[in-house]
Amino acid sequence: MTKKKGTSATGDSDRSGLIISHYGVAVQVRFDDGNTGRVKVKRNSGHVVGDLVTVQGEILHRLPRRNSLKRRDPFGKVRMLAANLDAVAVVIAATPATPPGFIERALVAARADGIAPAIIVNKTDLASGSELAQQLASEFPATTIFRVSARSGSGLDTLRSWLQERQRTALIGVSGAGKSSLLNALVPAATLATGAISTSAHGRHTTSVSTLIDLPGGGQLVDTPGFRDFAPVDVTSEQLALWFPGIEEAICTAPCRFRNCRHRNEPGCGVQAALQCGTLSEQRYQLYLDTLTAIEMMEQQQSVRRK
Ligand SMILES: Nc1nc2c(ncn2[C@@H]2O[C@H](COP(=O)(O)OP(=O)(O)OP(=O)(O)O)[C@@H](O)[C@H]2O)c(=O)[nH]1
Ligand SMILES: [Mg+2]
Ligand SMILES: [Zn+2]
């Protein structure tokens with residue numbers, strides 16, 4: 001373990017702090033006295049940015065979490081993004097494009113864990129960005145949407161006051177959407193690396209570790225590495241519809257006949273009714289079905305493993 005600034009010579013006093021960065025085999029802890037220090041952890045130790053810890057000598061104890069944002073990667077592995085969050089903001093840009101269903105699934109994961117979701121449409125200095133913002137406003141009428149440009153600074157004041165009201169917000173989204181650029185624009189002292197302008201539609205991964213940064217005037221932001229797949233973890237096939245944008249509203253408008261309706265082809269289904277009258281789009285419904293099928297497959301695998 002590297003020697004921590006301000007630690008007693010024996011290193012045996014118990015100190016509490018917050019994990020502000022994770023480097024795989026070590027974490028950066030900000031202690032309650034404001035000093036920071038690196039503490040070694042085992043690879044895949046399960047610690048994550050936002051974790052409250054106590055450190056005694058070289059031993060790190062994690063305190064219970066109030067929530068954690070997780071996703072399942074394409075190989076079925078659970079990846080934890082950050083812990084003890086108040087909000088999660090999905091950063092979107094026209095280029096590189098965000099895969100269909102990413103926003104819906106991120107909203108489901110956030111809501112299921114009691115974390116307030118928002119969408120940040122970045123790069124609105126480009127015409128394509130403004131068009132995208134308009135489109136998303138009609139696709140996600142119930143979600144808070146910010147239109148910003150990290151480059152020109154437009155919309156940042158409104159976003160900043162929203163972030164300040166929440167204690168801790170994680171920025172997530174595909175690589176190249178501009179998460180680190182936004183953080184640098186919001187926090188003058190931040191110097192996060194950002195990707196050079198890329199002609200590739202898929203962008204490249206610039207940020208490789210999550211970092212927590214204080215916003216001047218209150219609130220904290222967590223910058224995360226980009227990823228393209230977002231599959232929720234803590235949501236059962238039964239719960240999915242309750243959190244899925246568009247589906248949830250359909251059920252509220254016209255409750256289904258069966259309480260355990262999965263909204264596929266059960267009679268008296270409110271979701272089918274919304275599809276027929278056009279208040280729910282075919283595309284959104286298909287995304288719901290795809291996510292439902294993926295969760296059901298995971299549940300089956302888990303029940304086979306338990307047997
Ligand atoms: N035109 C325009 N370009 C932007 C804006 N914000 C970011 N960019 C560019 O988008 C590219 C990617 O920005 P990053 O901030 O590195 O993106 P990121 O989401 O942090 O990417 P990862 O760290 O790989 O996940 C860089 O070339 C930025 O200069 C913006 O508001 N307008
Ligand atoms: Mg980044
Ligand atoms: Zn139904």
Side-chain angles (χ1 to χ4, degrees), residues 21 49 71 79 81 89-99 102 106 120-133 146-156 159 170-187 190-213 221-230 237-242 244 246-276 279-280 285 288-289 292:
S21 211
V49 169
R71 71 179 179 104
R79 308 246 172 208
L81 295 164
V90 190
V91 181
I92 307 291
T95 314
T98 298
F102 186 106
I120 302 176
V121 187
N122 187 30
K123 309 195 190 182
T124 54
D125 52 297
L126 308 172
S128 54
S130 308
E131 284 161 25
L132 178 65
F146 297 97
R147 302 163 183 228
V148 303
S149 163
R151 181 157 298 173
S152 75
S154 106
L156 291 186
L159 173 61
L171 299 184
I172 63 163
V174 300
S175 195
K179 301 175 290 298
S180 304
S181 302
L182 267 176
L183 234 149
N184 286 341
L186 288 162
V187 185
T191 50
L192 295 163
T194 60
I197 293 166
S198 161
T199 46
S200 150
H202 297 293
R204 291 160 297 109
H205 293 269
T206 301
T207 303
S208 56
V209 296
S210 294
T211 310
L212 182 145
I213 292 182
L221 276 178
V222 181
D223 187 25
T224 66
F227 54 86
R228 299 190 64 77
D229 301 274
F230 200 119
S237 51
E238 208 168 322
Q239 292 167 331
L240 180 68
L242 303 176
F244 208 92
I247 306 293
E248 170 206 3
E249 289 87 339
I251 303 168
C252 282
T253 313
C256 305
R257 188 181 308 162
F258 300 111
R259 205 140 48 101
N260 61 352
C261 187
R262 295 286 162 93
H263 324 295
R264 278 200 169 92
N265 34 33
E266 295 90 335
C269 173
V271 174
Q272 294 295 337
L275 256 182
Q276 265 145 36
T279 49
L280 173 68
Y285 179 59
Y288 163 75
L289 289 182
L292 178 66

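Whatever order the structure lists them in is the order used to number ligands and atoms, beginning at 1.
Remark: ligand 1 and Thr206 share an N or O pair separated by less than 3.5 Å (distance only, no angle test). On a distance-only criterion, Thr194 and ligand 1 share no N/O pair closer than 3.5 Å. The shortest N or O to N or O distance between Ala150 and ligand 1 is under 3.5 Å. Checked by distance only, ligand 1 and Thr207 come closer than 3.5 Å through their nitrogen or oxygen atoms.
Ring geometry for His263 versus Tyr288: interplanar angle of 30 to 60°, hence tilted.
Only side-chain heavy atoms of Asn122 come within less than 4.0 Å of ligand 1; its backbone N, CA, C and O stay farther off. With a 4.0 Å cut-off on non-hydrogen atoms, Asp223 does not touch ligand 1 at all.
Remark: ligand 1 atoms within the under-4.0 Å shell around heavy atoms of Asp125 are 1 (N), 2 (C), 30 (C), 31 (O), 32 (N). Below 4.0 Å from some heavy atom of Ser175 lie the following atoms of ligand 1, by number and element: 21 (O), 22 (P), 24 (O), 25 (O). Shown in contact with Ser149 at under 4.0 Å from a heavy atom are these atoms of ligand 1, numbered in order with element: 31 (O). Set against the non-hydrogen atoms of Gly226, the atoms of ligand 1 under 4.0 Å away are 25 (O). Interface of Ser180 with ligand 1, defined as ligand atoms under 4.0 Å from a residue heavy atom, comprises 15 (O), 20 (O).
Under a cutoff of 6.0 Å and an axis angle of 45°, Arg228 and Phe102 do not form a cation-pi pair.
Residue Ser180 counts as close to the Mg ion (ligand 2), with an N, O or S atom under 2.8 Å. Among the atoms of Ser175, none of the N, O or S atoms falls under 2.8 Å from the Mg ion (ligand 2).
Surrounding CD of Glu238 are at most 12 heavy atoms belonging to other residues, nucleotides or ligands under 6.0 Å away.
Looking only at atom types and distance, the side chain of Ser237 has a donor-acceptor partner in the side chain of Arg262 under 3.5 Å away.
Nearest N/O/S atom of His263 with respect to the Zn ion (ligand 3) is recorded as ND1.
Within the structure, ligand 1 has Gly176 among the residues with a heavy atom less than 4.0 angstrom away.
Judged purely by atom type and a 3.5 angstrom limit, Ser152 uses its side chain to pair as donor or acceptor with the backbone of Ser154. Without hydrogens or angle criteria, Asn122 side chain to Ala93 main chain gives no donor-acceptor distance under 3.5 Å. Of the possible polar contacts, none joining the Lys179 side chain to the Val91 backbone as a donor-acceptor pair under 3.5 Å is found.
Looking at every heavy atom in both residues, Val174 comes nearest to Ala97 through CG2-O, 4.0 Å. The minimum heavy-atom distance linking Val121 with Gly129 is given by the pair CG1-O, 3.7 Å.
With Ser180 as the partner, the side-chain hydrogen bond (donor to acceptor under 3.5 Å, both in side chains) test is satisfied by one option alone out of Thr211, Thr194, Thr224, Thr207: Thr207.
Angle SG(Cys256) to the Zn ion (ligand 3) to SG(Cys261), rounded to 10°: 110°.
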